[in-house]
*Asks:* 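The following block contains the structure, expressed as structure tokens.
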Amino acid sequence: MENKFRFYNTLTRNVETIVPHEDGKIAMYTCGPTVYHFAHIGNLRSYIMEDILEKALRYVGYDVKRVMNITDVGHLSSDADTGEDKMLKGAKREHKTVMEIAQFYTDAFFSDCQKLNIKRPDVVEPATNCIQEFIHMIEVLLEKGYAYEAGGNIYFDAGKLDDYYVFSSAVEKEQLQIGVRDDVEEDTNKRNKNDFVLWFTKSKFEDQALKWDSPWGVGYPGWHIECSCIGIKHLGEYMDIHCGGVDNIFPHHTNEIAQSESFLGHKWCNYWFHVHHLNDKSGKMSKSKGDFLTVSLLESKGYNPLVYRLFCLQSHYRKPLEFSYEVLDNMTAAYNKLVKRISELKMEGGVDAAAFADYKKQFEDALCNDLNSSMALTVIYDLLKADISDETKLALVKDFDYVLCLDLIEAAENLKNESSNVDAELESFILEKIEERAQAKKAKDFAKADAIRDELLAKGVAIKDTREGVKWELV
Ligand code: AMP
Ligand code: ZN
């Protein structure tokens, strides 16, 4: 098929046309959540934009297979391999086992995804399912000379690679090489600053809850190995698109490439898609910061989760986005206005095939142009204003919503039903009051009759006595 989808590839630092390894098919991988706590709405910004990417690729005709890992073991709380295990930290906090914590927060994650209309990837694989695959990859890396044993742990030897800092420009590479961070405790087992642990048997944390037997002793995997293994397990030796938030670029994705390409002996993934962060006024949102914003918190304040989805789609994935309740209020008004506008459309006039094709092309072009989701939304506003039949408009909105997933047609239907329910309720109330007033008049209780007339007027209903009986109208 014709390849015309373009996005910014972090690897080449260019907006590029995606040419998949196999014609018409896309092998796509998403770094999944670390399930020691709820996902915050920043994490979910990344997942919303990756969801739109997947749906846009399907919309233009690709057969997409998408894989996501669940980090339920071995993710440390700092970039240094000496950090604290986040899963264990969660278990201690909630007096549960590590596996109970993982299950609870995995379910919570997918429940948030459902509320935001984020599709579940075709394959979802927890890291703890793949320990044998991790061990196999580490064995091969040792055999090939890319890994070494020191102090009871197995390390990847970054010094063996000519181009370890694949994502960085020449200047950045130099800075990364000299920039030793003060807050990171030096691991004296490492041969090079950027070596990282593939398998731990000795760590600072003797109370590690989950451990497995391995050729190097009882222990657990390092942070990065899972994405390489799970990706290769389900997508084969060639991956087309790998996604994540920008914080994943270094060291996580850099280390994934180092391991995978050393293991496979060839290039692994051609296109890297990274979503910029959602920030609040105090800076980047982070799970370890204590209080953080979740979908449930937004719901408890009365916000529709799909309004948050719209908020994300209104901005480009390559720009940082700042969250505030004021902006979310404005987005709520925008969403409601859009839904109201759609609810006023009638199934009339037939579908104009030429107009349909024209707007569909505009919508596709916006998506293919570096996933310009806000431009795609603008096409909806444009077509609603256009001089085309209501039926064409409805058909287009329905078609676009396969990608946008804002439930526009459903919300418009609900609004219509709600207003007709309100009408029916109001009408029976008015008729009841008119009858009550007639009884009052009959009993010569004119004060009560007048009071009923005023009560109705206060509700915007005027009544008139005519020869044919009492008539009412909304004023
Ligand atoms: P984690 O559960 O911490 O492994 O993160 C899950 C995903 O969210 C990763 O792809 C991160 O890069 C991404 N992420 C983390 N913080 C933010 C943020 N503030 N805004 C957008 N994405 C984020
Ligand atoms: Zn990953």
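Just so it is clear, the model here is predicted, and its values are computed rather than measured. Counting starts at 1 for both ligands and their atoms, following the listed order.
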*Asks:* Once rounded to 10 degrees, what value does the angle at the Zn ion (ligand 2) take between NE2 (His252) and SG (Cys31)?
*Replies:* 120°
*Asks:* Can you see whether Asn14 engages Asn9 through a side-chain donor-acceptor pair at a distance of less than 3.5 angstrom?
*Replies:* no
*Asks:* Please assess His242 against Tyr271 for the test side-chain contact (heavy atoms from CB on, under 4.5 Å), listing each intermediate value before the final yes or no.
*Replies:* CA-CA 6 Å; His242 195 308; Tyr271 305 97; over 6 Å; no
*Asks:* If you measure from each heavy atom of His40 to ligand 1, is any distance below 4.0 Å?
*Replies:* yes
*Asks:* Would you indicate which of Ala39, Ser46, Gly245 comes nearest to atom 22 (N) of ligand 1 when only heavy atoms are counted?
*Replies:* Ser46
*Asks:* Any N or O on Val246 sitting closer than 3.5 Å to an N or O of ligand 1?
*Replies:* no
*Asks:* Have Tyr59 and Lys360 got a donor and an acceptor in their side chains that come within less than 3.5 Å?
*Replies:* yes
*Asks:* Would you mind reporting whether His276 and Lys319 have side-chain heavy atoms less than 4.5 Å apart?
*Replies:* no
*Asks:* Would you mind finding which of Tyr47, Phe292, Tyr36, Phe38 brings a heavy atom closest to atom 7 (C) of ligand 1?
*Replies:* Tyr47
*Asks:* Taking the side chain as every heavy atom from C-beta outward, state whether Arg66 and Thr30 have any pair of such atoms under 4.5 Å apart.
*Replies:* yes
*Asks:* Restricting to N/O/S atoms, is Cys227 within less than 2.8 Å of the Zn ion (ligand 2) or not?
*Replies:* yes
*Asks:* For ligand 1, which atoms, with element, lie under 4.0 Å from some heavy atom of Pro33?
*Replies:* 2 (O)
*Asks:* Count the heavy atoms belonging to other residues, nucleotides or ligands that lie under 6.0 Å from CD of Glu410, then report whether that count exceeds 12.
*Replies:* yes
*Asks:* Using distance alone, with no hydrogens and no angle criterion, decide if Tyr238 and Asn270 have a side-chain donor and acceptor under 3.5 Å apart.
*Replies:* no
*Asks:* Is it the case that ligand 1 has an N or O less than 3.5 angstrom from some N or O of Gly244?
*Replies:* no
*Asks:* Would you say Asn248 touches ligand 1, if touching means a heavy atom closer than 4.0 Å?
*Replies:* yes
*Asks:* Look only at interatomic distance and state if Asp247 has a nitrogen or oxygen under 3.5 Å from any nitrogen or oxygen of ligand 1.
*Replies:* yes
*Asks:* I'd like to check whether Asn43 has a polar contact with ligand 1, where a contact means an N/O of the residue lying under 3.5 Å from an N/O of the ligand.
*Replies:* yes
*Asks:* Any N/O/S atom, backbone or side chain, of Glu256 lying under 2.8 Å from the Zn ion (ligand 2)?
*Replies:* yes
*Asks:* Could you check whether Tyr164 and Asn192, counting side-chain N and O atoms only, form a donor-acceptor pair closer than 3.5 Å?
*Replies:* no
*Asks:* Of the backbone and side-chain N, O or S atoms of His224, does one lie nearer to the Zn ion (ligand 2) than 2.8 Å?
*Replies:* no
*Asks:* Answer yes or no: are there more than 12 heavy-atom neighbours, outside Lys361 itself, under 6.0 Å from its atom NZ?
*Replies:* no
